[in-house]
Chemist: 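Got a structure for you, written out below as structure tokens; questions coming shortly.
The residues of the chain are indexed from 1 along the displayed sequence.
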Amino acid sequence: MIRSQVLVCGGTGCTSSGSKAIQDAFREQIDANGLTDEVKLVQTGCFGLCALGPIVIIYPDGTFYSSVKAEDVKEIVEEHLLKGRVVERLVYDETSTPKEELPNGVSLNDTDFYKSQHRVALRNCGVIDPENIEEYIAVDGYAALAKVLTEMTPEDVIKCVSDSGLRGRGGGGFPTGFKWSLCAPNKADQKYVVCNADEGDPGAFMDRSVLEGDPHCIIEAMAICGYAIGATKGYVYVRAEYPIAVRRLQLAIDQAREYELLGKNIFNSGFDFDLEIRLGAGAFVCGEETALMTSIEGNRGEPRPRPPFPAVKGLYGKPTVENNVETFANVPQIILKGADWFASMGTEKSKGTKVFALGGKIKHTGLVEIPMGTTLREIIYDIGGGIPNGKKFKAAQTGGPSGGCIPASLIDTKIDYDNLIAIGCMMGSGGLIVMDEDSCMVDIAKFFLEFTVDESCGKCTPCRIGTKRILEMLEKITSGNGTMEDLKKLEELCYYVKNNSACGLGQTAPNPVLATLKFFRDEYVAHVKDKKCPAGVCKDLLTYVIDKDKCIGCGACARNCPVNTIIKTNYVAEGHKLPSYEIVPKDCVKCGACISGCKFSAISKV
């Protein structure tokens, strides 16, 4: 009889930190201590608290161990599983409470990171074994598919999804039910359902985590969509850089076929549906729906003009519905719990929850799922734990290369589609990069433009050439050679590229520049007029200086300098010559090795 379950995170983040070795160590120790019949080891998907990985949770008490190493496992098994004593040194601090107050510590759901979240798309991630279909079935898996095939008409399904207010979570925010309703009436010998899992935004990993932690929910949702629009074939387009997600998704597809939940005559309803995986090569432009379909067809991933829209003429020229992973992940719960349940969360025009990949200058990096309308302040400080090292919050980048930044002055903005658009930003797929006072907003804009220049497919001139010219102007400004006229031209060019590009990549590429110009124009002016980078980031505008009052003449800076540009000198103080050092500006490569090696904070950037 099983008395304990040991859950080990098997998501990409924890796997890269050694969770596979931890699983192996648990198996070895469980066997060695004769606990095989009493303790069950479960590999799960991502728990969300990626900064604390590898993560181990032991039930039924729910003890949360963080930053576990393989060498810790023997102690956990001997102390916790055999003797019932928690290994305090490994317990996540927010769940650690004196035994006399709470014998079992604090519930994980009561920690700051989790208590404000409401998990719908991520409901099974970190809870079930994603490689075991029976665990998915045990938490109402495939019950929604059974319901639609035995109790609902296709029109009922579309109405339910429409009434829920679910909007596309891939960035556009298009009403999901309406998209399905546009495709359903179109007659064709074949229709398709496509899942966009080509998650290309820097810092975004929401879709990957769902596929790794709950792949069956995507299969179930795509089958439901297929029934609603009259499609019998589906494709999941996922980037090849997600090997764990691809392997688990393929395993889930194989299991669903074995259980006759994919294939012919599902639930004896007469409905046929099957799907397969298509691997992408990592092209950001293939996140655009028509470029993705072109890639599935075996051609170079380039966008196609619209109209005709995919609902009329999509994959292989047939009517097609395409939604992203997170959008599909909401569908089974909407069917089971009803449209009103989903619509009760969020705001008037943005229903439900949204998953964000929280990263950057934040204490708790990881995945969070919050109701639409939650403020940025709540996400950063209540859930994310605030900015490390006492630094001040400066801005948050939403939507990655396609989005904009929210400055500190708007930290109380409620996060939903319309509020973000109103301030010149966008939701995007859900990347949320937090920046502190040490971030240069001009450099941030340049970083994203470098990305979009590399990722442009080159099909249309405004994007192919326009983004390159924008990047060149940003490089000119950050090198100290910009003029005020350049700022005017930069803004004009951004609007031209935005208004004339063929697809969403080019149309949104200028957003990071326009947003930073809107909220941080003073930083651009400082780069141009004062030839200074206020944040001390842009190397061409920096000078490294040694404060001789603080320097003790130890020479560590000179020894660390890779180009030997720090020379020994003397410093006269109160009539005495004291040893000191000096940086020769013209030879300095501004690598920062001198600052990192100085224990006395005697070197600064000016």
Side-chain angles (χ1 to χ4, degrees), residues 148 152-198 218 221-238 271-276 278 280 283 285-328 330-331 334 402 417 429 457 459-460 463 499-508:
V148 302
M152 302 173 72
T153 65
E155 294 76 19
D156 292 336
V157 177
I158 292 175
K159 185 178 188 303
C160 181
V161 175
S162 297
D163 291 348
S164 73
L166 176 65
R167 294 171 65 173
R169 299 308 199 237
F174 194 81
T176 304
F178 184 53
K179 177 183 281 191
W180 293 12
S181 71
L182 293 176
C183 184
N186 298 322
K187 304 298 181 183
D189 57 348
Q190 179 69 63
K191 294 182 181 180
Y192 295 101
V193 178
V194 174
C195 177
N196 183 347
D198 189 63
I218 304 305
M222 292 180 69
I224 291 170
C225 178
Y227 174 73
I229 67 169
T232 59
K233 181 71 175 180
Y235 291 93
V236 182
Y237 187 90
V238 57
F271 172 63
D272 302 338
F273 187 80
D274 206 348
L275 57 85
E276 58 186 273
R278 284 288 184 271
V285 72
C286 286
E288 197 277 339
E289 63 178 2
T290 61
L292 184 151
M293 293 177 195
T294 303
S295 180
I296 291 177
E297 293 167 357
N299 300 311
R300 187 173 188 267
E302 292 181 338
R304 302 195 283 241
R306 295 175 297 181
F309 291 95
V312 176
K313 187 178 180 181
L315 184 62
Y316 299 113
K318 305 295 184 179
T320 304
V321 161
E322 179 185 329
N323 289 118
N324 87 320
V325 170
E326 187 185 343
T327 309
F328 278 127
N330 285 284
V331 170
I334 291 173
S402 304
Y417 292 102
S429 60
C457 73
K459 185 175 183 179
C460 73
C463 179
N499 295 329
N500 291 280
S501 294
C503 83
L505 188 151
Q507 291 162 9
T508 58

Chemist: Any heavy-atom pair between the side chains of F309 and L182 that's under 4.5 Å?
Modeler: no
Chemist: As an exercise, state the distance from CG of N186 to NZ of K313, rounded to the nearest 0.5 Å.
Modeler: 13.0 Å
Chemist: Do the rings of Y227 and F271 sit parallel, tilted or perpendicular, given the 30° and 60° boundaries?
Modeler: perpendicular
Chemist: V321 and C225: which non-hydrogen atoms are nearest, and at how many Å?
Modeler: CG1-SG, 3.7 Å
Chemist: For a 4.5 angstrom cut-off between non-hydrogen side-chain atoms, does V325 reach V238?
Modeler: no
Chemist: Are E302 and V285 packed together at the side-chain level, in the sense that at least one heavy-atom pair is separated by less than 4.5 angstrom?
Modeler: no
Chemist: Would you call E276-K233 a salt bridge at under 4.0 Å N-O?
Modeler: yes
Chemist: Considering residues, nucleotides and ligands other than F174, do more than 12 of their heavy atoms fall under 6.0 Å from its CZ?
Modeler: yes
Chemist: Check each of I229, T232, I224 against V193 using the side chain to side chain contact (heavy atoms under 4.5 Å, CB included) test, and report the only one that passes.
Modeler: I229
Chemist: Taking only Lys NZ, Arg NE, NH1 and NH2, and the carboxylate oxygens of Asp or Glu, determine whether K459 and E288 approach each other closer than 4.0 Å.
Modeler: no
Chemist: Return the CD to OG distance between E326 and S429, rounded to the nearest 0.5 Å.
Modeler: 8.5 Å
Chemist: Taking all non-hydrogen atoms of both residues, which atom of V161 and which atom of S164 are closest, and how far apart?
Modeler: O-OG, 2.6 Å
Chemist: Please evaluate residues W180 and V331 with respect to the criterion side chain to side chain contact (heavy atoms under 4.5 Å, CB included), reporting the C-alpha separation (whole Å), side-chain torsions for both, the decisive distance (0.1 Å), and the verdict.
Modeler: CA-CA 12 Å; W180 293 12; V331 170; 4.1 Å; yes
Chemist: Compare every heavy atom of I296 with every heavy atom of Y235, then report the nearest pair and how far apart it is.
Modeler: CB-CD1, 4.1 Å
Chemist: Measure the CG-CE distance between N299 and M293 for me, rounded to the nearest 0.5 Å.
Modeler: 14.0 Å
Chemist: Could you go step by step and tell me if L315 and E297 meet the side chain to side chain contact (heavy atoms under 4.5 Å, CB included) rule?
Modeler: CA-CA 7 Å; L315 184 62; E297 293 167 357; 3.7 Å; yes
Chemist: Please check if the side chain of D198 supplies one atom and the backbone of Y237 the other of a donor-acceptor pair under 3.5 Å.
Modeler: no
Chemist: Looking at OG of S402 and CG of L505, how far apart are the two atoms once the value is rounded to the nearest 0.5 Å?
Modeler: 6.5 Å
Chemist: Quick check: do S295 and R278 have side-chain heavy atoms less than 4.5 Å from each other?
Modeler: no
Chemist: Look only at the side chain of R169 and the backbone of R167, and say whether a donor-acceptor pair between them is shorter than 3.5 Å.
Modeler: yes
Chemist: Any chance you could measure N323, atom CG, to L166, atom CG, to the nearest 0.5 Å?
Modeler: 7.5 Å
Chemist: Does atom NZ of K318 have more than 12 heavy-atom neighbours from other groups under 6.0 Å away?
Modeler: yes
Chemist: Once rounded to the nearest 0.5 Å, what's the spacing between atom CD of E155 and atom SG of C160?
Modeler: 13.5 Å
Chemist: Any side-chain heavy atom of I218 within less than 4.5 Å of one from C195?
Modeler: yes
Chemist: Quick one: does T290's side chain have a donor or acceptor within less than 3.5 Å of a partner on R304's backbone?
Modeler: yes
Chemist: Can you see which heavy atom on G301 is nearest to which on C286, and at what distance?
Modeler: CA-SG, 3.9 Å
Chemist: Is a side-chain donor or acceptor of K179 paired with a backbone partner of E322 at a separation under 3.5 angstrom?
Modeler: yes
Chemist: If you take all heavy atoms of G506 and C463, which pair is closest and at what distance?
Modeler: CA-SG, 3.8 Å
Chemist: Could you tell me which non-hydrogen atom of A228 sits nearest to which non-hydrogen atom of V157, and how far apart they are?
Modeler: CB-CG1, 3.9 Å
